Amino acid sequence: MSDILRLTNVSKEYPRSGTALRDISFEMRKGEFVFLVGHSGAGKSTLLKLLSMAERPTTGELRISGFSSLSIKPRELPILRRRLGIVFQDFQLLTDRNVLDNLKFVLGATGWNDKKLIEQRAMNCLQLVGIEKKAKDFPHQLSGGEQQRVSIARALLNKPTLILADEPTGNLDPATSKEIMELLLAVAKEENTAILMATHDM
Ligand code: ADP
């Protein structure tokens, strides 16, 4: 079976605040677009942290991109993270460098070393999200929607099988949110990337 993600009876308890997730089971297939909807405090961020293995389930098993939460080793975490693209509500771009350098930095940090290939891949991803003209701009010179496009480009760099998007439209006005949603849908289709998008916005 071509599941890229499978949770089996996963629960997560935090020492002081108690149960954040109780007995969650679901799977995702290649290219699927899934919404994770719930009010603030429902456990969406916790679930995303489990998926990137920033946190481990208290009970149950998570299998993702060939790794299991029961057996993954610390040295394997960077390999898993490279297979995931992550998009945040607050973009998390590096403010001290331009858009292109933001992307090049990530490629350098994830094992790319051929300068020409780095430049090509970064520009390709900017084109995919329609923002290549802003390559030399700094994040503060961009609108919120443009910054989110850059962060989606960054998530695509290593051709992830799965993009985790945590409230990616949370800081955007309704019209820009719609554009970003359409972009994510188009990307999922064109790149055959699965997307799990957390939102409190029904
Ligand atoms: P959401 O993203 O849907 O708003 P969260 O996953 O952030 O929900 O929170 C779910 C529950 O887990 C909340 O009760 C929250 O207080 C608790 N929680 C989240 N992160 C932590 C943490 N690092 N330590 C302790 N409790 C936490």
Side-chain angles (χ1 to χ4, degrees), residues 3-29 32-65 67-94 106 139 144-145 147-156 160-174 176-185 187-188 193-202:
D3 295 339
I4 51 170
L5 166 64
R6 177 179 289 268
L7 278 81
T8 312
N9 305 115
V10 166
S11 295
K12 176 68 184 175
E13 284 174 29
Y14 289 112
R16 273 173 300 280
S17 51
T19 305
L21 296 172
R22 182 178 294 125
D23 200 20
I24 309 284
S25 299
F26 73 95
E27 71 264 331
M28 277 182 73
R29 303 276 173 83
E32 246 184 337
F33 196 121
V34 171
F35 286 103
L36 178 62
V37 190
H39 60 79
S40 182
K44 303 182 295 297
S45 300
T46 298
L47 182 57
L48 293 180
K49 280 184 208 153
L50 292 178
L51 297 183
S52 63
M53 301 227 197
E55 294 277 357
R56 299 299 167 89
T58 310
T59 55
E61 183 186 14
L62 156 68
R63 300 192 64 87
I64 183 163
S65 218
F67 293 106
S68 162
S69 61
L70 299 177
S71 60
I72 191 167
K73 300 186 175 61
R75 66 178 159 76
E76 293 171 323
L77 287 172
I79 305 171
L80 169 66
R81 305 254 167 83
R82 227 170 292 157
R83 292 181 191 168
L84 302 174
I86 304 187
V87 177
F88 304 95
Q89 176 172 0
D90 59 356
F91 323 131
Q92 302 207 6
L93 301 174
L94 301 170
V106 171
Q147 290 187 56
Q148 196 53 298
R149 282 176 190 268
V150 176
S151 108
I152 293 169
R154 180 183 57 193
L156 291 169
T161 46
L162 175 62
I163 290 180
L164 305 176
D166 194 0
E167 303 266 2
T169 60
N171 281 341
L172 305 174
D173 62 66
T176 310
S177 295
K178 188 163 177 281
E179 273 176 38
I180 292 296
M181 275 308 308
E182 282 164 2
L183 174 65
L184 283 171
L185 286 163
V187 160
T193 302
I195 300 189
L196 181 65
M197 174 171 160
T199 177
H200 65 269
D201 182 355
M202 298 299 274

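Each residue takes its place number in the sequence, starting with 1. Atoms within a ligand are numbered from 1 in the order they appear, just like the ligands themselves. Nothing here was measured: the structure is a model prediction, and the numbers come from that model.
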* Using a 4.5 Å cut-off on heavy atoms from C-beta on, say whether the side chain of K12 contacts that of K49. => no

* Does any non-hydrogen side-chain atom of L48 lie less than 4.5 Å from one of L196? -> yes

* To do: Using heavy-atom distances, let me know which of S45, S17, A54 sits nearest atom 17 (C) of ligand 1.
  =>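 Residue with the shortest heavy-atom distance to the ligand atom: S17.
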
* Asked: Side-chain donor-acceptor pair under 3.5 Å between S151 and Q148, yes or no?
  -> yes

* **Pair E55, T46: side-chain N/O donor-acceptor within cut-off below 3.5 Å** => no

* To do: Name the closest protein heavy atom to atom 8 (O) of ligand 1, giving the residue it belongs to and the distance to 0.1 Å.
  =>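 Closest protein heavy atom to atom 8 (O) of ligand 1: G43 N, 3.0 Å.
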
* **Protein heavy atom at shortest distance from atom 23 (N) of ligand 1** =>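 Of every protein heavy atom, Y14 CE2, 3.7 Å lies nearest to atom 23 (N) of ligand 1.
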
* Counting only non-hydrogen atoms of the protein, does one fall under 4.0 Å from atom 19 (C) of ligand 1? -> yes

* For ligand 1, find out whether one of its N or O atoms is nearer than 3.5 Å to an N or O atom of T46. =>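 Among all N and O atoms of T46, at least one is under 3.5 Å from an N or O of ligand 1.
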
* Would you check the N or O atoms of G41, main chain and side chain alike, for any that come under 3.5 Å of an N or O of ligand 1? =>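 There is such a contact, yes.
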
* To do: Measure from the side-chain N and O atoms of N9 to the backbone N and O of G60, and report whether any donor-acceptor pair falls under 3.5 Å.
  =>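 Pair absent, no side-chain N/O of N9 close to backbone of G60.
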
Against heavy atoms of [X], which atoms of ligand 1 measure under 4.0 Å?
| X | value |
| --- | --- |
| H39 | 3 (O) |
| A20 | 11 (C), 12 (O) |
| K44 | 1 (P), 2 (O), 3 (O), 4 (O), 6 (O), 8 (O) |

* Does ligand 1 have an atom that lies less than 4.0 angstrom from a heavy atom of G38? ->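 Contact absent.
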
* Could you grab the distance from atom CD of E167 to atom CG of D90, nearest 0.5 Å is fine? => 11.5 Å

* For R56, does the CZ atom sit with more than 12 other heavy atoms under 6.0 Å from it, leaving out its own atoms? -> yes

